[in-house]
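Since the structure comes first, as structure tokens, the remarks are kept for the end.
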There are 2 protein chains.
Amino acid sequence: MNIGDVADLSGLPAKTIRYYEDIGLVEPLRSSNGYRSFRQSDVHKLAFLGRARALGFTIEDCRSLLKLYADTDRASAEVKQIAEEHLDRIDCKIAELTEMRATLSHLVDACAGDHRPDCPILADLAMEQKAGSISKASG
Amino acid sequence: MNIGDVADLSGLPAKTIRYYEDIGLVEPLRSSNGYRSFRQSDVHKLAFLGRARALGFTIEDCRSLLKLYADTDRASAEVKQIAEEHLDRIDCKIAELTEMRATLSHLVDACAGDHRPDCPILADLAMEQKAGSISKASG
DNA sequence: GTTGACCTTCCAGTAACTGGAGGCCCTATC
DNA sequence: GATAGGGCCTCCAGTTACTGGAAGGTCAAC
């Protein structure tokens with residue numbers, strides 16, 4: 001199978017598939033004309049990678065997961081650990097973004113958004129605290 | 001003021017401050033010895049940048065915000081628009097992460113995490129659907 | 001005069017691709 | 001046989017926002 005077909009089947013761009021070969025995630029054969037020649041197992045691997053990446057696993061996570069997948073003597077604990085660490089990362093990111101969101105939406109709500117220059121968003125970024133108005137929500 | 005002092009005051013690493021000069025966000029003066037010489041206004045700008053970055057604004061957003069901040073004829077609507085677009089980006093990211101989180105935590109919960117090889121996480125990534133067990137929770 | 005902290009520039013690397021240039025291969029059509 | 005097109009190839013550069021490190025100049029203190 002040529003790269004175009006595999007791209008269609010796996011949903012990954014051909015560029016990405018070449019990149020995955022570059023970094024050693026897949027090792028397609030080569031036809032006599034130099035074209036990459038993908039086996040079913042390669043397509044399977046690439047689909048695996050596509051789903052792992054869609055779940056946000058890093059490339060290095062993917063590499064480990066592929067290795068574990070191939071190793072029928074694996075302990076599921078190893079897989080679970082990778083997934084749990086990733087879950088923690090996701091939770092951290094969500095927490096971070098949620099906090100940003102809170103501050104930002106607060107500021108956006110406070111901004112008139114009209115033709116006048118007065119803007120609480122800029123005021124906050126510049127920390128223009130007038131005496132007596134220092135009441136930052138202790139955050 | 002030298003870069004080290006400014007780094008302490010603004011909370012930004014010296015490396016980052018140099019980078020911000022590189023990309024034209026600040027333009028400190030130079031002393032006769034070649035050292036950067038920061039004015040109060042530079043420090044203020046850098047603190048502004050630090051807070052904007054902490055809210056997740058991109059560097060290009062920061063550039064625009066600084067320009068608006070300097071322009072006393074600005075319309076707050078312009079600032080608000082930047083902030084709202086950023087808020088949308090944040091919401092998208094949160095939604096994406098939340099979905100990942102849901103799928104992943106589902107899988108993690110289903111995984112025994114012991115010495116045995118059987119692993120629903122890998123099974124899902126590999127899409128090993130046995131006939132009759134296709135009951136993917138519809139998204 | 002030498003140590004050590006601070007400053008300088010420049011280069012490379014990070015994560016995971018993506019875009020584009022320049023060029024070969026294959027099939028079909030004239 | 002020539003040509004047009006689409007697909008494939010490699011290699012290089014760019015993306016975001018820094019960060020680390022090398023090689024070397026500056027300054028205050030001892």
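A, B, ... follow the sequence lines: proteins, then strands. Residue 1 opens every chain.
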Which part of the nucleic acid, if any, lies within reach of A:Tyr20 when heavy atoms closer than 4.0 Å are counted: base, sugar-phosphate only, or nothing? sugar-phosphate

What is the distance from NZ of A:Lys15 to P of D:dA13, rounded to the nearest Å? 13 Å

Please determine if B:Glu96 and B:Lys93 form a salt bridge, counting it only when a charged side-chain N lies under 4.0 Å from a carboxylate O. no

Output yes when at least one side-chain N/O atom of B:Thr16 is less than 4.0 Å from OP1 or OP2 of D:dT19, else no. yes

Electrostatic pair A:Asp118:A:Arg116 at N-O distance under 4.0 angstrom: no

Give the rounded distance in Å between these two atoms: CG of B:Asp22 and C1' of C:dT8. 12 Å

Taking atom C1' of D:dG6 as reference, at what distance in whole Å does atom OH of A:Tyr35 sit? 9 Å

Atom-pair distance (CD1 on A:Ile17; P on D:dG7), nearest Å: 14 Å

So, the side chain of B:Asn2 versus the backbone of B:Gly4: is there a donor-acceptor pair under 3.5 Å, distance only? no

For the side chain of B:Arg53, counting heavy atoms from C-beta on, which of C:dT18, D:dC18, D:dT26 is nearest? D:dC18

How far apart are the C-alpha atoms of A:Asp71 and A:Glu78, what are their side-chain angles, what is the distance that settles it, and do they pass the side chain to side chain contact (heavy atoms under 4.5 Å, CB included) test? CA-CA 11 Å; A:Asp71 174 14; A:Glu78 286 190 66; 5.7 Å; no

Selection from D:dC18, D:dC9, D:dA17 that lies nearest to any side-chain heavy atom of B:Thr58: D:dA17

Nucleotide D:dG7, atom C1' - distance to CZ of A:Arg36 in whole Å: 13 Å

From CG of A:Asn2 across to C1' of C:dC26 the rounded distance in Å is 11 Å

Just how far, in rounded Å, is C1' of D:dC18 from CG of B:Leu49? 14 Å

Using a cut-off of 4.0 Å on non-hydrogen atoms, how would the nucleic acid contact of B:Ile3 be classed: base, sugar-phosphate, or nothing? sugar-phosphate

Treating B:His86 as the side-chain partner and A:Leu104 as the backbone partner, does any N or O pair qualify as donor plus acceptor under 3.5 Å? no

Salt-bridge contact B:Glu21-B:Arg18 (side-chain N to carboxylate O under 4.0 Å): no

Closest of D:dT19, C:dC17, D:dC27 to the B:Asn33 side chain is D:dC27

Using rotation axes that map the C1' atoms of four end pairs onto the next four (five pairs an end), what angle separates the end axes of the helix from C:dG1-D:dC30 to C:dC30-D:dG1, to 10°? 40°

Heavy atoms from C-beta onward define the side chain here; which of D:dC9, C:dC17, C:dT8 lies closest to that of A:Arg18? D:dC9

Would you kindly compare A:Arg30 and B:Gly56 by the position of their nearest DNA chain D nucleotide and give the one closer to the 5′ end? A:Arg30

To the nearest angstrom, how far is B:Tyr19 atom OH from D:dT15 atom P? 10 Å

Regarding B:Asp42 and B:Lys45, does a basic nitrogen lie under 4.0 Å from an acidic carboxylate oxygen? no

